[in-house]
Amino acid sequence: MSNTDIIKGIVKGDRKAISKAITMIEDELPGSKELYFQLYKMSGSSFVIGIAGPPGAGKSTLVNCLVKEFRSRGDRVGVIAVDPTSPVSGGALLGDRIRMLEHSLDEGVYIRSMASRGSEGGISRATRKAIVVLDAAKYTKILVETVGIGQTELDISKVSDLTVVVIMPQMGDEVQAIKAGLMEIGDIFVVNKSDLEGSDKAVLQILPFVKEKDGWKPPVIRTSAKNCSGISELAKSISMYEEWFRNRQQKENLNRVVMEVKEAVYSKLENLINKAMDEKDTRAMLYKIAERNMDPDTLADLIIKRIFKNF
Ligand SMILES: Nc1nc2c(ncn2[C@@H]2O[C@H](COP(=O)(O)OP(=O)(O)O)[C@@H](O)[C@H]2O)c(=O)[nH]1
Ligand SMILES: [Mg+2]
């Protein structure tokens, strides 16, 4: 498939063309840079919603409800599940597959799993590029769910316009201890599984930690994704946030671009550094340093010189 064919396919909403483009760009196949640029020019209108929270909180179930809700409002919906290879999620994946099947006949829904690639700048770069492809394909809402825990989970806020943090009632007592990072990235908080006991308590426990930023006070919403209850309220908050975000985005646009470019530079440099560290003669020098026959700074200078000579 040539780039022209891929783009034609994407304009028509052909999911095969979309998959092809994401793979090409992810694997940096020949022609992918040009393709990415073409698609980048076509993008910029979708709204990206990150779904974070601990495994088992009901993120995938909730995503499924949101897909239905957005479809009923006429949105085209893209879903990106990051890090499906995580051992933590092994059991959850089958359920996710079944849920995904539900939408497989609907051309207005595109679902993609992506592995996170730790050494190449985490989820941010590959995910951001997949988002651009879906954006160019005119998916008006893009949902990004992380399966990973820790940094991957927090990184999601970097690629999202809005981050929804999902927790469940039993977690209430741990909110303060483990949720520090999550509390900071949340623009909307969802206490899912409100059909179970303790959801009122969980809401009360989160509330003191919810901080207003630039005039947006993150709401705390109770849902029961099992039967998609509370979803229309969640969708309403998402719309309100989207409006707030779009007004603000016009002012913030350049800051965002600065961040994206810096991040691209960092991750490209990181790749080059990792490659340089793997070179045979670098390794030989590492041994020298370990034996104190050379110092780290000298090798660092050599590596930098080599990187820039080869770039
Ligand atoms: N009781 C109850 N169970 C739920 C609810 N939402 C999800 N679950 C169940 O919780 C488990 C984990 O859900 P999943 O969506 O895979 O969680 P994820 O790991 O955060 O994506 C599954 O067995 C779901 O059926 C809910 O609202 N109430
Ligand atoms: Mg999941």
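Just so it is clear, the structure is predicted and the values come from calculations on it, not from any experiment. Only this structure's heavy atoms are used, side chains among them; waters, hydrogens and symmetry mates stay out. Counting starts at 1 for both ligands and their atoms, following the listed order.
- Remark: ligand 1 atoms within the under-4.0 Å shell around heavy atoms of E145 are 21 (O).
- Sorting the N, O or S atoms of E145 by how far they are from the Mg ion (ligand 2) puts OE2 first.
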Q: Would you check, one step at a time, whether the test salt bridge (Lys or Arg N to Asp or Glu O under 4.0 Å) holds for E107 with K12?
A: CA-CA 10 Å; E107 282 286 342; K12 273 189 287 180; over 6 Å; no
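- Salt bridge status for K8 with D14: absent, with no side-chain N to carboxylate O gap under 4.0 Å.
- No option in V165, T223, I221, V220 other than V220 meets the side chain to side chain contact (heavy atoms under 4.5 Å, CB included) test with V191.
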(Q) Applying side-chain contact (heavy atoms from CB on, under 4.5 Å) to Q205 and I167, what does each step give before you reach the verdict? (A) CA-CA 12 Å; Q205 273 170 327; I167 67 156; over 6 Å; no
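- When only interatomic distances are considered, the shortest N/O to N/O separation between A225 and ligand 1 falls below 3.5 Å.
- Under a 4.0 Å N-O distance rule, the pair D200/R222 qualifies as a salt bridge.
- Ligand 1 has a nitrogen or oxygen under 3.5 angstrom from a nitrogen or oxygen of G56.
- Considering backbone and side-chain atoms alike, S194 places every N or O at 3.5 Å or more from each N or O of ligand 1.
- Neither the backbone nor the side chain of V166 comes within 4.0 Å of ligand 1, counting heavy atoms alone.
- Residue-ligand proximity, P54 to ligand 1, at heavy-atom distances under 4.0 Å covers atoms 20 (O).
- The option from K226, K193, M168 that lies nearest to atom 10 (O) of ligand 1, judged by heavy atoms, is K193.
- Of the residues R256, K129, R128, the one that meets the salt bridge (Lys or Arg N to Asp or Glu O under 4.0 Å) test with E263 is R128.
- With a cut-off of 2.8 Å, the Mg ion (ligand 2) has no N, O or S atom of T61 in range.
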**Q.** Residue pair V82, E145: steps toward the side-chain contact (heavy atoms from CB on, under 4.5 Å) verdict
**A.** CA-CA 6 Å; V82 182; E145 181 194 340; over 6 Å; no
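- With a heavy-atom cut-off of 4.0 Å, T61 touches ligand 1 through backbone and side chain alike.
- Less than 4.0 angstrom separates some heavy atom of D195 from each of these atoms of ligand 1: 1 (N), 2 (C), 26 (C), 27 (O), 28 (N).
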Q: Could you check R112 against T127 for side-chain hydrogen bond (donor to acceptor under 3.5 Å, both in side chains), going step by step and ending with a plain yes or no?
A: CA-CA 10 Å; R112 170 88 173 201; T127 309; over 6 Å; no
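- For L196, no nitrogen or oxygen atom sits less than 3.5 Å from a nitrogen or oxygen atom of ligand 1, counting backbone and side chain alike.
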Q) Can you list the steps and then say if V67 with I111 is a side-chain contact (heavy atoms from CB on, under 4.5 Å)? A) CA-CA 10 Å; V67 169; I111 298 170; 6.0 Å; no
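- A salt bridge links R73 with E69: the closest approach of a Lys/Arg side-chain nitrogen to an acidic carboxylate oxygen falls below 4.0 angstrom.
- Taking distance alone, with nitrogen or oxygen atoms compared against 3.5 Å, T223 stays at or beyond that limit from ligand 1.
- Heavy-atom contacts of K59 reach the following atoms of ligand 1: 15 (O), 17 (O), 18 (P), 19 (O), 20 (O), 21 (O) (cutoff under 4.0 Å).
- For ligand 1, the atoms sitting less than 4.0 Å from at least one non-hydrogen atom of P55 are 19 (O), numbered in the order shown with element in parentheses.
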